[in-house]
Every structure is written in C-alpha cells, then in structure tokens.
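Chain identifiers are assigned alphabetically (A, B, ...) following the order of the sequence lines, protein sequences preceding nucleic acid strands; residue numbering begins at 1 within each chain.
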There are 2 protein chains.
Amino acid sequence: MARTAGSHSDITGPRIRDAALRLFAREGYAAVSMRRIAADVGLQAGALYNYTPDKQTLLFSLMEGHMTDLLAAWETEDKGATPCDRLRAFTQFHIRFNLDRADAVFISYMELRNLDPANFRRLEELRRDYERALETILSDGIADGSFAIRDPKIASLAVIAMLTGVNTWYRAGGRLSLPQVQEIYWDMVRSLAGA
Amino acid sequence: MARTAGSHSDITGPRIRDAALRLFAREGYAAVSMRRIAADVGLQAGALYNYTPDKQTLLFSLMEGHMTDLLAAWETEDKGATPCDRLRAFTQFHIRFNLDRADAVFISYMELRNLDPANFRRLEELRRDYERALETILSDGIADGSFAIRDPKIASLAVIAMLTGVNTWYRAGGRLSLPQVQEIYWDMVRSLAGA
DNA sequence: CTTTTTTCTGAACACTTGTTCAGTTAACCT
DNA sequence: AGGTTAACTGAACAAGTGTTCAGAAAAAAG
C-alpha cells in the first residue's frame, strides 16, 4: 500500500502531536516508541518522519509550543492595575491554564532531562521569562508597600511550585470546583505575600 | 571468569542501589538499561539479578525505601509542643531532608507512572501518610486558633509542593545558605497559615 | 485526461533491551 | 587441606529501538 484514502497533513500532523503528547505524559518520553505513537494515529512508524526530523525534535517542539502558548496567553490576560490585582490574576490564570493542559505541563517539567543541551537551554529561558513575570509583580508590590515579602525571587518560585502542584491532585468532578480551588489558592497566595 | 576478587554482596548491593538511584534520577527509569547500571558498578548485567528479581522491583524498592526513610525520620524529629512549633519543624525538616536526597525525591515523584498498579498504590499510601502528618498539624492549629486556614487538606498539599520545589533550584554554594532558605520558607509558610 | 506532488507502506538496517543460565572462581567453613 | 557456598562472567534469547528509503497510491494541478 501507499498513500491512504483521505490522508492529509493538516489532519495527520496535529493527530501525531496529540498522540505523542498524551503518550509522553502518561508513560514518559523514553518509554514510548515511535511505532507506538504511529499505531495510535493509525500509521506506520516511517510516516512520522514526514512530520518530525526525529523523536527528540518532536519532544522539544511539544515542550516549546507549550511554553510559548503559556507566555502568549499570559500576555493577553486581563491583569488589572495594582500589584495585588495582578497577583490575583496570575494565580487564577496559572491554575486554569495549567489544568487545561495537564499533559503538556507534565512533559515540560518532567522531560527536561531528555533534551539535548541546546534545547534545554532554550526551554530554561522560556521558563525563566514566565518566572520573571511573577517576580516583577511581587517586586512592584514590595516597592509600593502592598506586599511584605523578603525575597521576591524565591517567593515567585515558591508560588509557582505551589500553584503547579494543583495538577497533581485536582480532578474535575471532585470535592472542589475550579473556581473554589482558585479562590482557596488566592487566599493562600495573598497571605503568603503579606497582602 | 567468574566470582571476582574482593566481591561481597554487602558492598555490591548498596553500590548497585546507589548507581541505579543516581542514573534513574538523572536520565529516567526507562532510559537507563540494566547494562548501564551494571557497568557503573563494574559488573556484567547478569550479576544484578542476584540483587533484584527484575528492573521494576529495583525501582520500586528505591522509591519505597525513600518514603519509609522519610516517614521514619519525621517520626524521630523534635517536633515541639504547639501547632506553630510543629509547622516550623515540618518546614525545616522537609527542606533539609529532601535536599539531602534530591535523587530519591526526584524519582519518587517522577517515576510513579513506571510502577505497576500494586506498587503504585503502595507508594500512594506512604505519600498520603506523610501528607496527613502535615494536615494534622494544620488542623490542630485551626482548632486551637493559631492558624487561619480555609482548607487544611489543600493547604497541606500546597505547602508540600512549595517546599519540595526548593529541590528544583537550590544548589549548595549558591546565593543562599540552607538555613537562610529554611528561614525564608518558614516566613512564607507561617504567613500562608495565617500565624 | 495526464502529470506532478503529497502521503504513506513495508521492509530493512544495525543496535539495544530485560532476562536466563551453565560454568567458573573467590571466599568461607570445618 | 578439601568441600561448600556466594558472587560473578559471558553468551545467548527473542523482542523491540530509531531511522532510512524505494516504491506505490491518493490527491491536486495542469
């Protein structure tokens, strides 16, 4: 056989990325073979190489895509005027955005060690950009007296770790709804910031 | 060849576990072969099977060992009398203990997906025991009025996530010493608890 | 229609994987 | 000393790895 009926790169491409994302998140990059990804999409392994030069690049592009999506989404978010408003916006945004893309979040954090050095550095840059966005909010709040924080750099890391932790336990339909979770965490973040 | 000069299971056993721990943490369970572990210890792959029935069990025993160590160490810790003292003790303990065993912490969190269901459940139990230890402290503090927390269960998860996050950035010899980090985090945890 | 381009198959490549085991040697015991 | 046990080798097994590529069929273009 050869080209199959109805095949189209605009459809196959995203399906490959979706399958890879899901499988990498669920079983790990190293544990998932190209044949497995292909089978999930209904292809032979060779066909994947029309869409990625190699497995490593497929992983990296998923991770980079997620990080640039994250940064872009935060850019267009309604942030509010005061540092306190912006901290609240950040808290709610981070929880919502990350829960919506649990697989990508998991991969971007978990598979860093499987990136070659150049790709690793690129991803670290993006991560730091995001951390700096929060750090700036905290520093602004310290400057204008609305926050009481000793070390805004550490605090930004602490807050992000705390918020990302939601992904490990939250399940839709559980004890708490998303807005409730957002409110509880905002309470904690506000206290932590001394506001 | 066969048995090598000076070989002794009391020495080889721990060396295998150390090598496996380090390699699993650095490159991931699925990415590390038995031959690689063996080579690190100076053995052939077959020799590993005198020490573990299979690769999966080796991973699990490392993870389980770490969790029981963690629980045992917390048991023997000086915890203090009041909920506030105990929360402070927990904070300092968690940071110190986890930084001392970064590899084991990383694995116990990262490789859960590589466990078969029974092993997974066992490890979840241990993790929950630890979370409950903190939750109890928080609940006690709410009961006697020393803490202002809405949801002690969520708060315990948030605090643990926040504290464990230290492992991702702390490096000995960096800007902050361990006691400084402990103090900064205790500040944040105390604020978060409303104490 | 015919030609070109896009998309995919199926086989092949060289290599690695976890695991088993008969055989061999060092260490220990009496 | 000799016998027993503990520790390890080296080869083998069947299965799976990422990747390449000639060829074939569907889709698009002319």
Side-chain angles (χ1 to χ4, degrees), chain A residues 1-24 26-63 107 111 113-116 118-119, chain B residues 1-24 26-63 107 111 113-116 118-119:
Chain A
M1 292 189 217
R3 179 167 188 173
T4 53
S7 61
H8 220 319
S9 63
D10 293 345
I11 294 171
T12 303
R15 287 187 63 199
I16 289 174
R17 296 175 63 85
D18 287 355
L21 189 72
R22 188 166 23 87
L23 289 171
F24 286 165
R26 203 161 300 179
E27 312 184 15
Y29 170 76
V32 175
S33 68
M34 295 298 266
R35 283 172 180 78
R36 182 84 192 288
I37 298 170
D40 248 48
V41 186
L43 297 174
Q44 296 300 313
L48 299 183
Y49 290 84
N50 292 324
Y51 298 90
T52 181
D54 48 49
K55 194 187 177 191
Q56 161 87 203
T57 305
L58 175 57
L59 171 65
F60 175 68
S61 96
L62 290 173
M63 296 169 81
I107 288 174
E111 304 292 357
R113 59 190 172 189
N114 285 306
L115 293 179
D116 57 45
N119 287 343
Chain B
M1 295 191 216
R3 179 167 188 172
T4 53
S7 62
H8 218 317
S9 64
D10 293 345
I11 294 171
T12 303
R15 288 187 63 201
I16 289 174
R17 296 174 64 84
D18 287 354
L21 190 71
R22 188 167 20 86
L23 289 171
F24 286 165
R26 203 160 300 178
E27 311 184 17
Y29 170 76
V32 175
S33 68
M34 295 298 265
R35 283 171 181 80
R36 182 87 191 288
I37 298 170
D40 249 48
V41 186
L43 296 175
Q44 296 301 314
L48 299 183
Y49 291 83
N50 291 324
Y51 298 89
T52 181
D54 49 48
K55 193 186 178 193
Q56 160 87 202
T57 305
L58 176 55
L59 171 65
F60 175 67
S61 97
L62 290 172
M63 296 170 81
I107 288 174
E111 303 292 358
R113 59 190 171 189
N114 286 306
L115 295 177
D116 57 44
N119 288 343

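Atom CD1 in Ile11(B) sits roughly 15 Å away from atom C1' in dC8(D) (whole-Å rounding). One can place NZ of Lys55(A) at 8 Å from P of dT17(D), the figure rounded to the nearest angstrom.
Although no hydrogens or angles enter the test, the distance criterion places a donor-acceptor pair under 3.5 Å between the side chain of Ser33(A) and the main chain of Arg36(A). One N or O on the side chain of Tyr29(B) and one on the backbone of Gln56(B) form a donor-acceptor pair closer than 3.5 Å. Arg3(B) places a side-chain N or O within donor-acceptor distance of the main-chain N or O of Ser7(B), the cut-off being under 3.5 Å. Listed for the Thr12(B) side chain is a donor-acceptor partner under 3.5 Å among the backbone atoms of His8(B).
Distances shorter than 4.0 Å separate some side-chain N or O of Ser9(A) from OP1 or OP2 on dT7(C). Contact between the side-chain N/O atoms of Thr12(A) and the OP1/OP2 oxygens of dC8(C) is found at a separation under 4.0 Å. Within the structure, every side-chain polar atom (N or O) of His8(B) is placed at least 4.0 Å from both OP1 and OP2 of dC8(D). Applying the 4.0 Å criterion to OP1 and OP2 of dA7(D), one finds that Tyr51(B) has every side-chain N and O outside that range.
Between Ser9(B) and Pro14(B), the shortest heavy-atom distance links the atoms O-CD, 3.9 Å. When all heavy atoms of Leu58(A) and Ile37(A) are compared, the pair lying nearest together is CD2-CD1, 4.2 Å.
Under the rule for a salt bridge (charged side-chain N to carboxylate O under 4.0 Å, His left out), Arg35(B) has no partner lying at least two apart in sequence or in another chain.
Residues from residues 40-50 of chain B placing a heavy atom under 4.0 Å of any atom in DNA chain D, listed by number, are Gly42(B), Leu43(B), Gln44(B), Gly46(B), Ala47(B), Asn50(B). Contacts between residues 28-37 of chain B and DNA chain C, counted as heavy-atom distances below 4.0 Å, involve Val32(B), Ser33(B), Met34(B), Arg35(B).
Asp40(B) has no carboxylate O lying under 4.0 Å from a charged side-chain N of Arg15(B), or vice versa, which leaves the two without a salt bridge. The pair Glu111(A)-Arg113(B) meets the salt-bridge criterion, since a charged nitrogen lies less than 4.0 angstrom from a carboxylate oxygen.
The base of dT24(C) is not paired with the side chain of Arg3(B) by any donor and acceptor separated by under 3.5 Å.
Nucleotides of DNA chain C nearest to Gln56(B) and Ala5(B) differ in position, and the one nearer the 5' end is that of Gln56(B).
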